[in-house]
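Before any comments, here is the structure.
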Amino acid sequence: MNLERLHDQSDRYWQESRKNGQSLRGLTVLRRESASDIEAVVYEPVMCLILQGRKETWIGDQFADLGPGDALLVSHDLPVQSRITRASPQEPYLAVILRLDLGLVRGLYEQLADLVLPETEGRSLAVGRAEPALLRALERYLDLLDAPLDAEVLGPATLREIHYRLLLSPAGTMLRSLLVMDSHASRVAKAIRRLRCEFRSPLTLPDLARTAGMSATSFHQH
């Protein structure tokens, strides 16, 4: 897997965003020159592609050690712990982070509803090797940085392709389940939205289960 061009594009994107505030919708580049301590954050639905360095991420019993070419896919808002384990001034940690548009994901339902894909266990935090078609789509998206009109006209179509590639990837099982409005994944997402909006108010497990339209036992399981 050749990541050299995407690496150079991303490094330049990081510099331009700091210098001129230039950016593309939903896209961030993270660059660090040293390893980090463990950080606890809430991930919104994102795709994170490692281009250089290494990172460890975990939630509960799910653990991932990520290196160049690995893509982390998060389908729900999740409390995640992570740390950068390999980074230096000579070889900084570099990662492309794309905030997922779940409306765009669900907009692909009609085209993908009848698609038969291998059944695998869906996880809200999944890791896999980035496929060439996804890398090419990301390259085309980053190419739009210096062309505002192209970004406005062509950017939405390229973003749609990136979401399509992620949905079909081996790590996209849980993301695919969000295509179905009444799936367990979609129901849990409703409860998470309520939790984010009403986190200052008392909320019980039965409250959240009712929001999801599940029994407390089923809600806890999923």
Side-chain angles (χ1 to χ4, degrees), residues 1-18 23-102 105 120-139 141-142 145 159 162-163 165-176 178 192 196:
M1 180 184 296
N2 188 354
L3 301 173
E4 185 175 350
R5 182 165 188 266
L6 195 51
H7 174 284
D8 292 344
Q9 288 177 299
S10 301
D11 196 49
R12 181 171 173 273
Y13 183 94
W14 179 81
Q15 295 179 45
E16 292 297 324
S17 62
R18 285 169 61 88
S23 64
L24 296 166
R25 177 187 159 197
L27 191 74
T28 303
V29 171
L30 180 60
R31 187 180 188 274
R32 288 270 190 94
E33 294 188 352
S34 61
S36 70
D37 295 328
I38 295 173
E39 299 175 346
V41 296
V42 174
Y43 276 15
E44 296 181 336
V46 295
M47 183 277 301
C48 177
L49 172 65
I50 311 300
L51 298 173
Q52 187 168 272
R54 295 199 76 85
K55 179 179 187 176
E56 294 178 346
T57 302
W58 62 95
I59 172 173
D61 62 350
Q62 298 182 61
F63 174 82
D65 181 13
L66 302 153
D70 289 331
L72 172 73
L73 190 59
V74 178
S75 59
H76 291 69
D77 299 68
L78 290 175
V80 173
Q81 291 181 296
S82 65
R83 65 181 175 189
I84 295 169
T85 57
R86 184 183 300 168
S88 69
Q90 295 75 31
E91 292 190 4
Y93 171 83
L94 192 68
V96 173
I97 301 169
L98 181 71
R99 186 176 67 251
L100 299 183
D101 183 337
L102 296 185
V105 169
T120 56
E121 182 184 4
R123 295 243 175 176
S124 298
L125 185 153
V127 177
R129 296 294 286 172
E131 298 176 326
L134 173 62
L135 298 180
R136 289 193 294 268
L138 286 168
E139 286 180 4
Y141 195 49
L142 282 161
L145 180 64
L159 266 181
I162 292 171
H163 283 70
R165 299 295 179 192
L166 290 171
L167 277 165
L168 296 190
S169 71
T173 304
M174 184 64 76
L175 199 59
R176 289 194 294 273
L178 290 172
I192 292 174
R196 287 184 67 94

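Residue indices begin at 1 and follow the sequence shown. Below, each value reflects all heavy atoms present in this structure, side chains not excepted, and no hydrogens, waters or symmetry copies.
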List for me each residue that meets side chain to side chain donor-acceptor pair (under 3.5 Å) alongside [X], sequence neighbours excluded, and say none if there are none.
{"X": "Glu16", "answer": "Asn20"}
{"X": "Arg136", "answer": "none"}
{"X": "Arg83", "answer": "Glu56"}

Compare every heavy atom of [Y] with every heavy atom of [X], then report the nearest pair and how far apart it is.
{"X": "Ala130", "Y": "Leu135", "result": "CB-CD2, 3.8 Å"}
{"X": "Leu3", "Y": "Pro68", "result": "CD1-C, 3.8 Å"}
{"X": "Ala137", "Y": "Ile162", "result": "CB-CG1, 3.8 Å"}
{"X": "Val96", "Y": "Ser10", "result": "CG2-OG, 3.1 Å"}
{"X": "Leu142", "Y": "Leu24", "result": "CA-CD1, 3.9 Å"}
{"X": "Val127", "Y": "Ala64", "result": "CG2-CB, 3.4 Å"}

**Report entry** Residues forming a salt bridge (charged side-chain N to carboxylate O under 4.0 Å, His left out) with Asp37, sequence neighbours excluded
**Finding:**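 Scan of Asp37 (salt bridge (charged side-chain N to carboxylate O under 4.0 Å, His left out), adjacent residues dropped) gives none.
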Below 3.5 Å, can you tabulate the donor-acceptor pairs from side chains in residues 45-55 to any protein atom, sequence neighbours excluded?
unit_1 : atom_1 : unit_2 : atom_2 : d
Gln52  : OE1    : His7   : NE2    : 3.3
Gln52  : NE2    : Pro92  : O      : 2.7
Arg54  : NE     : Asp65  : OD1    : 3.4
Lys55  : NZ     : Tyr43  : OH     : 3.0

**Report entry** CD/Gln15: more than 12 non-hydrogen atoms of other groups inside 6.0 Å
**Finding:**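 Counting other residues, nucleotides and ligands, CD of Gln15 exceeds 12 neighbours.
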Requested in this report: Give a yes or no on whether Glu4 atom CD has more than 12 heavy-atom contacts from other residues, nucleotides or ligands under 6.0 Å away.
Outcome: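 Atom CD in Glu4 is not packed in, count stays at 12 or less.
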Query - Within-4.5 Å side-chain heavy-atom neighbours: Val80 and Leu125 - result: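 Yes; the side chains approach each other to less than 4.5 Å.
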Query raised in the report: By side-chain contact (heavy atoms from CB on, under 4.5 Å), which residues pair with Arg18, not counting sequence neighbours?
Result: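 Arg18 satisfies side-chain contact (heavy atoms from CB on, under 4.5 Å) with Trp14 only.
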